[in-house]
Amino acid sequence: MSERDVIIVGAGPGGATTAAALAQKGYDVLLLDRHDFPRDKTCGDAVPAGAIELLWRLGMREKIAKSVERGELYPLEGMLLVSPRGHELHAKFNHGKEGSDSYVAPRIYFDALIQEHAVDSGAQFCQAQAKAPIVENGKVVGIRAQVNGSVKEMRARLIIGADGVTSVVSRHLRPKQEQHNDGHRAVALRAYIEDIEEIPKEVEFYLYKDILPGYAWIFPIGNNRANIGLGMRLDHFRKKKYNLEKMLQDFLEMPAIKKRLLRGGQLRDVATWQLNFGSQKDMQHVFDGAILVGDAAGFINPLTGGGIHNALVSAELAAQVADEALRANDVSRGKMQVYEQLCHEQMWESMRNSYFMQRTFMRFPILVDFLVRRMKENSQLAQTFLTKL
(Lines give C-alpha, C1' and ligand atoms only; values in the text may rest on other atoms or scores of the structure.)
Protein backbone atom coordinates (compact mmCIF):
# COMPACT_ATOMS: atom_id res chain seq x y z
CA MET A 1 0.00 0.00 0.00
CA SER A 2 1.38 3.42 -0.93
CA GLU A 3 1.94 6.07 1.72
CA ARG A 4 -1.16 8.03 2.69
CA ASP A 5 -1.24 11.60 3.86
CA VAL A 6 -3.08 10.66 7.04
CA ILE A 7 -4.18 7.45 8.72
CA ILE A 8 -6.75 7.89 11.49
CA VAL A 9 -7.12 5.02 13.94
CA GLY A 10 -10.67 4.91 15.28
CA ALA A 11 -13.82 6.02 13.45
CA GLY A 12 -15.86 7.25 16.42
CA PRO A 13 -16.92 10.91 16.59
CA GLY A 14 -13.38 12.26 17.11
CA GLY A 15 -11.74 10.17 14.42
CA ALA A 16 -14.50 10.51 11.83
CA THR A 17 -14.73 14.27 12.37
CA THR A 18 -10.97 14.63 11.88
CA ALA A 19 -11.19 12.45 8.77
CA ALA A 20 -14.02 14.50 7.27
CA ALA A 21 -12.25 17.80 7.97
CA LEU A 22 -8.96 16.68 6.41
CA ALA A 23 -10.59 14.93 3.45
CA GLN A 24 -12.50 18.14 2.70
CA LYS A 25 -9.13 19.91 2.53
CA GLY A 26 -8.04 17.47 -0.16
CA TYR A 27 -5.85 15.07 1.82
CA ASP A 28 -5.63 11.34 1.16
CA VAL A 29 -7.18 10.02 4.39
CA LEU A 30 -7.52 6.40 5.49
CA LEU A 31 -9.94 5.87 8.39
CA LEU A 32 -9.58 2.61 10.34
CA ASP A 33 -11.88 0.99 12.86
CA ARG A 34 -12.04 -2.55 14.22
CA HIS A 35 -15.81 -2.55 13.69
CA ASP A 36 -17.93 -1.99 10.63
CA PHE A 37 -20.71 0.58 10.95
CA PRO A 38 -23.32 0.92 12.31
CA ARG A 39 -22.10 -0.40 15.64
CA ASP A 40 -22.98 0.28 19.27
CA LYS A 41 -20.61 2.15 21.59
CA THR A 42 -21.06 2.13 25.35
CA CYS A 43 -21.87 5.71 26.34
CA GLY A 44 -24.45 7.93 28.00
CA ASP A 45 -25.39 9.18 24.51
CA ALA A 46 -25.98 12.84 25.46
CA VAL A 47 -24.73 15.35 22.87
CA PRO A 48 -24.83 19.10 23.63
CA ALA A 49 -25.87 21.77 21.14
CA GLY A 50 -22.29 23.00 20.72
CA ALA A 51 -21.23 19.60 19.39
CA ILE A 52 -24.11 19.53 16.92
CA GLU A 53 -23.17 22.97 15.60
CA LEU A 54 -19.57 21.91 15.14
CA LEU A 55 -20.88 19.12 12.90
CA TRP A 56 -23.05 21.65 11.08
CA ARG A 57 -19.84 23.55 10.22
CA LEU A 58 -18.54 20.34 8.72
CA GLY A 59 -21.54 20.17 6.38
CA MET A 60 -23.75 17.76 8.36
CA ARG A 61 -26.79 19.95 9.01
CA GLU A 62 -29.06 18.12 6.58
CA LYS A 63 -27.85 14.65 7.64
CA ILE A 64 -28.56 15.46 11.30
CA ALA A 65 -32.00 16.90 10.50
CA LYS A 66 -32.94 13.71 8.62
CA SER A 67 -31.69 11.57 11.51
CA VAL A 68 -33.92 13.55 13.88
CA GLU A 69 -36.86 13.06 11.50
CA ARG A 70 -36.26 9.31 11.56
CA GLY A 71 -36.45 9.36 15.35
CA GLU A 72 -32.80 8.33 15.84
CA LEU A 73 -31.79 11.47 17.76
CA TYR A 74 -34.06 12.57 20.60
CA PRO A 75 -34.21 16.37 21.17
CA LEU A 76 -33.80 17.73 24.68
CA GLU A 77 -35.27 20.82 26.33
CA GLY A 78 -33.96 20.60 29.88
CA MET A 79 -32.55 18.63 32.78
CA LEU A 80 -33.46 17.45 36.25
CA LEU A 81 -30.71 17.49 38.88
CA VAL A 82 -31.45 15.65 42.15
CA SER A 83 -29.28 16.25 45.24
CA PRO A 84 -28.36 13.75 48.00
CA ARG A 85 -31.32 14.85 50.16
CA GLY A 86 -33.74 14.73 47.25
CA HIS A 87 -33.87 18.42 46.38
CA GLU A 88 -34.74 18.89 42.71
CA LEU A 89 -33.60 21.42 40.15
CA HIS A 90 -35.30 21.63 36.77
CA ALA A 91 -33.43 23.82 34.28
CA LYS A 92 -33.86 24.58 30.60
CA PHE A 93 -31.12 24.01 28.05
CA ASN A 94 -30.13 26.99 25.96
CA HIS A 95 -30.12 26.51 22.23
CA GLY A 96 -26.72 26.66 20.53
CA LYS A 97 -25.45 29.93 19.11
CA GLU A 98 -26.91 28.96 15.75
CA GLY A 99 -30.14 27.54 17.17
CA SER A 100 -29.35 23.85 17.62
CA ASP A 101 -30.96 21.59 20.19
CA SER A 102 -29.11 19.17 22.44
CA TYR A 103 -29.93 15.49 21.90
CA VAL A 104 -29.80 12.02 23.31
CA ALA A 105 -28.09 10.37 20.35
CA PRO A 106 -27.63 6.59 20.65
CA ARG A 107 -24.16 5.90 19.37
CA ILE A 108 -25.31 3.19 16.97
CA TYR A 109 -26.91 6.02 14.96
CA PHE A 110 -24.74 9.02 15.84
CA ASP A 111 -21.36 7.46 15.11
CA ALA A 112 -22.53 5.92 11.85
CA LEU A 113 -23.80 9.33 10.76
CA ILE A 114 -20.38 10.97 11.17
CA GLN A 115 -18.49 7.99 9.75
CA GLU A 116 -20.71 8.10 6.67
CA HIS A 117 -20.03 11.83 6.32
CA ALA A 118 -16.28 11.22 6.48
CA VAL A 119 -16.57 8.76 3.59
CA ASP A 120 -18.85 11.14 1.69
CA SER A 121 -16.18 13.82 2.21
CA GLY A 122 -13.56 11.66 0.50
CA ALA A 123 -11.96 9.59 3.27
CA GLN A 124 -11.50 5.86 2.66
CA PHE A 125 -12.78 3.54 5.38
CA CYS A 126 -11.21 0.18 6.18
CA GLN A 127 -12.31 -2.29 8.85
CA ALA A 128 -9.05 -3.14 10.58
CA GLN A 129 -7.83 -3.69 14.14
CA ALA A 130 -4.79 -1.59 14.96
CA LYS A 131 -2.01 -3.50 16.69
CA ALA A 132 0.76 -0.91 17.14
CA PRO A 133 2.16 2.23 15.59
CA ILE A 134 5.24 1.81 13.40
CA VAL A 135 8.04 3.87 14.91
CA GLU A 136 11.32 4.46 13.06
CA ASN A 137 14.10 6.64 14.49
CA GLY A 138 11.72 7.96 17.13
CA LYS A 139 9.07 9.01 14.59
CA VAL A 140 5.67 7.42 13.96
CA VAL A 141 5.49 6.50 10.28
CA GLY A 142 2.53 4.14 10.11
CA ILE A 143 0.36 1.57 11.81
CA ARG A 144 0.33 -2.22 11.96
CA ALA A 145 -3.20 -3.49 11.69
CA GLN A 146 -5.00 -6.78 11.26
CA VAL A 147 -7.10 -6.80 8.10
CA ASN A 148 -9.04 -9.91 7.02
CA GLY A 149 -7.01 -12.13 9.33
CA SER A 150 -3.51 -10.94 8.44
CA VAL A 151 -1.36 -8.14 9.85
CA LYS A 152 -0.40 -5.43 7.39
CA GLU A 153 1.79 -2.37 7.59
CA MET A 154 0.11 0.85 6.54
CA ARG A 155 2.24 3.97 6.20
CA ALA A 156 1.33 7.65 6.30
CA ARG A 157 2.88 11.06 6.71
CA LEU A 158 0.80 11.52 9.87
CA ILE A 159 -1.02 9.15 12.25
CA ILE A 160 -3.95 10.34 14.35
CA GLY A 161 -4.96 8.19 17.32
CA ALA A 162 -8.70 8.39 17.93
CA ASP A 163 -9.18 4.86 19.18
CA GLY A 164 -10.77 5.58 22.53
CA VAL A 165 -9.86 5.11 26.16
CA THR A 166 -7.99 1.84 25.46
CA SER A 167 -6.09 3.48 22.59
CA VAL A 168 -3.40 1.30 21.02
CA VAL A 169 -1.68 4.43 19.72
CA SER A 170 -1.64 6.13 23.13
CA ARG A 171 -0.49 3.03 25.01
CA HIS A 172 2.50 2.57 22.74
CA LEU A 173 3.56 6.23 22.61
CA ARG A 174 2.97 7.36 26.19
CA PRO A 175 5.23 5.66 28.75
CA LYS A 176 3.28 3.69 31.36
CA GLN A 177 4.16 6.15 34.11
CA GLU A 178 2.64 8.96 32.03
CA GLN A 179 -0.76 7.32 31.60
CA HIS A 180 -3.82 8.46 33.57
CA ASN A 181 -3.88 7.50 37.24
CA ASP A 182 -7.01 6.20 38.97
CA GLY A 183 -7.82 9.57 40.54
CA HIS A 184 -8.37 10.93 37.05
CA ARG A 185 -10.32 7.99 35.71
CA ALA A 186 -13.85 6.67 36.14
CA VAL A 187 -15.75 3.44 35.69
CA ALA A 188 -19.31 3.43 34.39
CA LEU A 189 -22.16 1.12 33.48
CA ARG A 190 -24.78 1.78 30.82
CA ALA A 191 -27.96 -0.05 29.88
CA TYR A 192 -31.06 0.65 27.86
CA ILE A 193 -34.34 0.36 29.74
CA GLU A 194 -37.53 -0.42 27.83
CA ASP A 195 -40.30 0.32 30.32
CA ILE A 196 -39.72 3.55 32.24
CA GLU A 197 -42.09 6.48 32.50
CA GLU A 198 -40.08 9.31 30.98
CA ILE A 199 -39.86 12.97 31.79
CA PRO A 200 -40.31 14.07 28.17
CA LYS A 201 -37.28 15.80 26.61
CA GLU A 202 -35.46 16.04 29.96
CA VAL A 203 -32.27 14.30 31.06
CA GLU A 204 -31.99 13.32 34.72
CA PHE A 205 -28.92 13.32 36.99
CA TYR A 206 -28.96 11.81 40.50
CA LEU A 207 -26.12 12.85 42.82
CA TYR A 208 -26.76 10.78 45.94
CA LYS A 209 -24.35 10.14 48.81
CA ASP A 210 -23.40 6.53 47.99
CA ILE A 211 -22.37 7.38 44.43
CA LEU A 212 -20.40 10.61 44.94
CA PRO A 213 -17.97 11.35 43.32
CA GLY A 214 -20.24 10.27 40.48
CA TYR A 215 -23.91 10.13 39.57
CA ALA A 216 -26.67 8.01 38.08
CA TRP A 217 -28.56 9.11 34.99
CA ILE A 218 -31.72 8.57 32.97
CA PHE A 219 -31.58 9.92 29.41
CA PRO A 220 -34.84 9.43 27.48
CA ILE A 221 -34.98 8.23 23.87
CA GLY A 222 -38.78 8.15 23.47
CA ASN A 223 -41.61 5.62 23.81
CA ASN A 224 -40.88 4.84 27.47
CA ARG A 225 -37.27 3.96 26.67
CA ALA A 226 -34.09 5.47 28.06
CA ASN A 227 -30.34 5.18 28.33
CA ILE A 228 -29.78 4.52 32.03
CA GLY A 229 -26.57 4.10 34.00
CA LEU A 230 -24.14 5.34 36.58
CA GLY A 231 -20.48 6.15 36.99
CA MET A 232 -17.94 6.81 39.72
CA ARG A 233 -14.31 7.87 40.02
CA LEU A 234 -12.17 4.77 39.71
CA ASP A 235 -9.98 5.12 42.82
CA HIS A 236 -13.04 5.61 45.04
CA PHE A 237 -14.86 2.72 43.35
CA ARG A 238 -11.95 0.35 43.98
CA LYS A 239 -11.49 1.52 47.57
CA LYS A 240 -15.16 0.90 48.37
CA LYS A 241 -15.15 -2.42 46.45
CA TYR A 242 -18.46 -1.57 44.82
CA ASN A 243 -20.25 -3.64 42.17
CA LEU A 244 -21.72 -1.65 39.28
CA GLU A 245 -24.54 -4.09 38.50
CA LYS A 246 -25.69 -4.05 42.14
CA MET A 247 -25.42 -0.27 42.22
CA LEU A 248 -27.72 -0.03 39.20
CA GLN A 249 -30.25 -2.39 40.78
CA ASP A 250 -30.13 -0.33 44.00
CA PHE A 251 -30.78 2.80 41.94
CA LEU A 252 -33.79 1.15 40.28
CA GLU A 253 -35.11 0.22 43.74
CA MET A 254 -35.17 3.84 44.91
CA PRO A 255 -38.84 4.73 45.49
CA ALA A 256 -38.78 7.72 43.13
CA ILE A 257 -37.46 5.49 40.32
CA LYS A 258 -39.24 2.22 41.11
CA LYS A 259 -42.70 3.77 40.83
CA ARG A 260 -41.90 4.77 37.23
CA LEU A 261 -41.02 1.25 36.08
CA LEU A 262 -43.94 -0.04 34.05
CA ARG A 263 -42.97 -3.73 34.00
CA GLY A 264 -40.34 -3.89 36.71
CA GLY A 265 -37.38 -2.55 34.75
CA GLN A 266 -36.62 -4.32 31.45
CA LEU A 267 -32.90 -3.86 30.75
CA ARG A 268 -30.89 -4.67 27.61
CA ASP A 269 -27.36 -4.08 26.32
CA VAL A 270 -25.83 -3.71 29.79
CA ALA A 271 -22.15 -2.83 29.44
CA THR A 272 -19.31 -1.28 31.45
CA TRP A 273 -16.42 0.91 30.37
CA GLN A 274 -13.74 3.20 31.77
CA LEU A 275 -13.09 6.89 31.10
CA ASN A 276 -9.98 9.07 31.27
CA PHE A 277 -10.51 12.61 32.56
CA GLY A 278 -8.96 15.71 31.05
CA SER A 279 -8.02 16.98 34.52
CA GLN A 280 -4.61 15.30 34.84
CA LYS A 281 -1.88 17.84 34.20
CA ASP A 282 0.91 17.69 31.62
CA MET A 283 -0.45 14.86 29.50
CA GLN A 284 1.28 14.51 26.14
CA HIS A 285 -0.99 14.51 23.09
CA VAL A 286 1.54 15.14 20.31
CA PHE A 287 4.49 13.01 19.18
CA ASP A 288 6.79 13.02 16.18
CA GLY A 289 4.40 11.91 13.45
CA ALA A 290 1.29 11.47 15.61
CA ILE A 291 -1.55 13.31 17.37
CA LEU A 292 -4.13 12.01 19.87
CA VAL A 293 -7.75 13.20 19.85
CA GLY A 294 -10.88 12.59 21.91
CA ASP A 295 -10.95 9.80 24.47
CA ALA A 296 -7.56 8.53 23.27
CA ALA A 297 -6.10 11.79 24.54
CA GLY A 298 -8.28 11.77 27.65
CA PHE A 299 -10.56 14.76 27.09
CA ILE A 300 -13.53 13.64 29.25
CA ASN A 301 -15.11 16.09 31.69
CA PRO A 302 -14.41 14.84 35.24
CA LEU A 303 -17.74 15.97 36.69
CA THR A 304 -20.23 15.01 33.97
CA GLY A 305 -18.29 12.22 32.25
CA GLY A 306 -19.16 13.83 28.92
CA GLY A 307 -16.61 13.36 26.17
CA ILE A 308 -18.32 13.75 22.78
CA HIS A 309 -18.19 17.54 22.59
CA ASN A 310 -14.55 17.64 23.66
CA ALA A 311 -13.74 14.89 21.17
CA LEU A 312 -15.20 17.00 18.37
CA VAL A 313 -13.41 20.13 19.57
CA SER A 314 -10.10 18.27 19.66
CA ALA A 315 -10.82 16.81 16.21
CA GLU A 316 -11.38 20.27 14.75
CA LEU A 317 -8.15 21.53 16.33
CA ALA A 318 -6.20 18.44 15.23
CA ALA A 319 -7.34 18.91 11.63
CA GLN A 320 -6.23 22.54 11.74
CA VAL A 321 -2.78 21.70 13.15
CA ALA A 322 -2.38 18.67 10.86
CA ASP A 323 -3.17 20.81 7.80
CA GLU A 324 -0.49 23.33 8.74
CA ALA A 325 2.06 20.60 9.47
CA LEU A 326 1.40 18.68 6.26
CA ARG A 327 1.60 21.86 4.19
CA ALA A 328 4.98 22.59 5.76
CA ASN A 329 6.04 18.94 5.34
CA ASP A 330 6.94 18.94 9.02
CA VAL A 331 5.01 16.60 11.33
CA SER A 332 7.48 16.81 14.19
CA ARG A 333 6.35 17.30 17.77
CA GLY A 334 7.98 20.72 17.69
CA LYS A 335 5.82 21.82 14.76
CA MET A 336 2.56 20.30 16.04
CA GLN A 337 2.91 20.99 19.77
CA VAL A 338 0.66 24.03 19.32
CA TYR A 339 -2.19 21.49 19.34
CA GLU A 340 -1.61 20.88 23.05
CA GLN A 341 -1.75 24.61 23.73
CA LEU A 342 -4.94 25.04 21.71
CA CYS A 343 -6.61 22.15 23.54
CA HIS A 344 -5.48 23.65 26.86
CA GLU A 345 -7.01 27.00 25.97
CA GLN A 346 -10.29 25.44 24.88
CA MET A 347 -10.78 22.87 27.66
CA TRP A 348 -8.48 23.19 30.66
CA GLU A 349 -10.40 25.73 32.74
CA SER A 350 -13.57 23.64 32.51
CA MET A 351 -11.66 20.44 33.33
CA ARG A 352 -9.93 21.98 36.33
CA ASN A 353 -13.12 23.50 37.76
CA SER A 354 -15.09 20.29 37.22
CA TYR A 355 -12.45 18.21 38.97
CA PHE A 356 -12.40 20.64 41.90
CA MET A 357 -16.18 20.36 42.23
CA GLN A 358 -16.03 16.58 41.98
CA ARG A 359 -13.50 16.33 44.84
CA THR A 360 -15.39 18.86 46.96
CA PHE A 361 -18.75 17.11 46.56
CA MET A 362 -17.21 13.78 47.58
CA ARG A 363 -16.12 15.32 50.89
CA PHE A 364 -19.11 17.59 51.44
CA PRO A 365 -22.31 16.13 49.91
CA ILE A 366 -24.31 18.79 51.76
CA LEU A 367 -22.83 21.34 49.38
CA VAL A 368 -24.66 19.67 46.49
CA ASP A 369 -27.91 20.12 48.41
CA PHE A 370 -27.12 23.80 48.93
CA LEU A 371 -26.30 24.43 45.27
CA VAL A 372 -29.39 22.59 44.02
CA ARG A 373 -31.80 24.06 46.59
CA ARG A 374 -30.55 27.63 46.92
CA MET A 375 -28.38 28.50 43.94
CA LYS A 376 -30.56 26.71 41.39
CA GLU A 377 -29.46 27.05 37.74
CA ASN A 378 -27.16 29.93 38.65
CA SER A 379 -24.72 27.56 40.32
CA GLN A 380 -21.59 26.40 38.54
CA LEU A 381 -22.76 22.85 39.25
CA ALA A 382 -25.94 23.36 37.22
CA GLN A 383 -24.14 25.25 34.46
CA THR A 384 -21.58 22.45 34.11
CA PHE A 385 -24.29 19.85 33.62
CA LEU A 386 -26.22 22.17 31.30
CA THR A 387 -23.25 22.80 28.99
CA LYS A 388 -20.86 19.83 29.41
CA LEU A 389 -23.08 16.78 28.87
Side-chain angles (χ1 to χ4, degrees), residues 44 46 48-50 76-94 102 182-189 199 201-220 226 228-237 239-240 242 244 247-248 250-260 275 277-280 300-307 309-310 347-389:
L76 298 172
E77 294 179 355
M79 74 167 187
L80 166 65
L81 196 62
V82 182
S83 77
R85 292 188 178 181
H87 301 302
E88 295 185 357
L89 163 62
H90 290 268
K92 291 291 184 183
F93 285 122
N94 292 323
S102 299
D182 286 357
H184 293 273
R185 304 181 73 202
V187 61
L189 178 147
I199 303 177
K201 297 188 176 182
E202 196 163 277
V203 289
E204 306 169 49
F205 301 94
Y206 294 83
L207 287 76
Y208 48 96
K209 186 175 180 181
D210 288 344
I211 204 169
L212 292 172
Y215 65 89
W217 70 81
I218 301 172
F219 295 170
I228 189 169
L230 43 79
M232 177 181 284
R233 207 172 75 195
L234 186 58
D235 58 341
H236 192 66
F237 175 81
K239 181 180 179 181
K240 294 289 186 178
Y242 284 143
L244 288 173
M247 290 174 70
L248 181 61
D250 290 344
F251 175 61
L252 292 172
E253 287 294 323
M254 290 183 177
I257 307 301
K258 188 173 183 178
K259 69 182 181 181
R260 295 166 54 190
L275 308 89
F277 298 149
S279 50
Q280 187 164 327
I300 292 172
N301 185 281
L303 184 62
T304 69
H309 191 190
N310 287 339
M347 302 182 224
W348 175 249
E349 184 177 1
S350 172
M351 298 290 191
R352 180 191 60 199
N353 292 343
S354 293
Y355 190 67
F356 173 77
M357 284 190 284
Q358 179 213 83
R359 294 177 64 192
T360 303
F361 298 154
M362 179 177 68
R363 295 190 181 106
F364 307 106
I366 194 170
L367 184 57
V368 182
D369 290 295
F370 172 78
L371 293 173
V372 169
R373 186 179 183 185
R374 299 287 181 87
M375 298 293 287
K376 299 293 185 180
E377 60 264 35
N378 296 322
S379 72
Q380 190 173 1
L381 169 66
Q383 287 301 311
T384 299
F385 276 95
L386 281 167
T387 59
K388 304 294 180 185
L389 286 175

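Computation of the quantities below employed the complete heavy-atom set of this structure, encompassing side-chain atoms and omitting hydrogens, waters and symmetry-equivalent molecules. Everything numeric here is computed off the predicted structure, so don't read it as measured data.
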[X] [atom1] to [Y] [atom2] distance, which is reported to the nearest 0.5 Å:
{"X": "Asn301", "Y": "Thr384", "atom1": "CG", "atom2": "OG1", "result": "7.0 Å"}
{"X": "Met351", "Y": "Ile300", "atom1": "CE", "atom2": "CD1", "result": "8.0 Å"}
{"X": "Leu386", "Y": "Leu89", "atom1": "CG", "atom2": "CG", "result": "7.5 Å"}
{"X": "Leu303", "Y": "Arg359", "atom1": "CG", "atom2": "CZ", "result": "13.5 Å"}
{"X": "Arg185", "Y": "Ser279", "atom1": "CZ", "atom2": "OG", "result": "12.0 Å"}
{"X": "Asp235", "Y": "Lys240", "atom1": "CG", "atom2": "NZ", "result": "11.5 Å"}

Validation row: [X], [Y] side chains within 4.5 angstrom (heavy atoms):
{"X": "Tyr242", "Y": "Val187", "result": "no"}
{"X": "Met232", "Y": "Met247", "result": "yes"}
{"X": "Ile199", "Y": "Arg260", "result": "yes"}
{"X": "Met362", "Y": "Arg233", "result": "yes"}
{"X": "Asp210", "Y": "Asp250", "result": "no"}
{"X": "Leu252", "Y": "Ile228", "result": "yes"}
{"X": "Arg85", "Y": "Ile366", "result": "yes"}
{"X": "Leu230", "Y": "Tyr208", "result": "yes"}

Contacts of Phe251 that satisfy ring-ring contact (aromatic ring centres under 6.0 Å, His included) - sequence neighbours left out
Tyr206

Can you see which heavy atom on [X] is nearest to which on [Y], and at what distance?
{"X": "Leu207", "Y": "Gly214", "result": "CG-O, 4.3 Å"}
{"X": "Ala382", "Y": "Leu81", "result": "CA-CD2, 4.4 Å"}
{"X": "Leu275", "Y": "Ala188", "result": "CD1-CB, 3.9 Å"}
{"X": "His87", "Y": "Val372", "result": "O-CG1, 3.5 Å"}
{"X": "Trp348", "Y": "Gly278", "result": "CZ3-O, 3.4 Å"}
{"X": "Tyr215", "Y": "Gly305", "result": "OH-N, 4.5 Å"}

In terms of ring plane angle, is the pair Tyr355 and His184 parallel, tilted or perpendicular, where the classes change at 30° and 60°?
parallel

Taking Gln358 for the side chain and Pro302 for the main chain, is one N or O donor matched with an acceptor at less than 3.5 Å?
yes

Where the side chain of Ser102 meets the backbone of Ala49, is there a donor-acceptor pair that is under 3.5 Å apart?
yes

Those residues that, when tested against His309, pass side chain to side chain donor-acceptor pair (under 3.5 Å) (two or more places apart)
none

Tell me if the centroids of the rings in Phe385 and Phe93 come within less than 6.0 Å of each other.
no

Residue list, side chain to side chain contact (heavy atoms under 4.5 Å, CB included) with His90, at least two apart or on another chain:
Leu80, Glu88, Glu202

With side chain to side chain contact (heavy atoms under 4.5 Å, CB included) as the criterion, how do Ile257 and Ile218 come out once you've worked through the C-alpha distance, each side chain's angles and the decisive distance to 0.1 Å?
CA-CA 10 Å; Ile257 307 301; Ile218 301 172; 3.9 Å; yes

Over 12 non-hydrogen atoms of neighbours within 6.0 angstrom of CZ in Arg352
yes

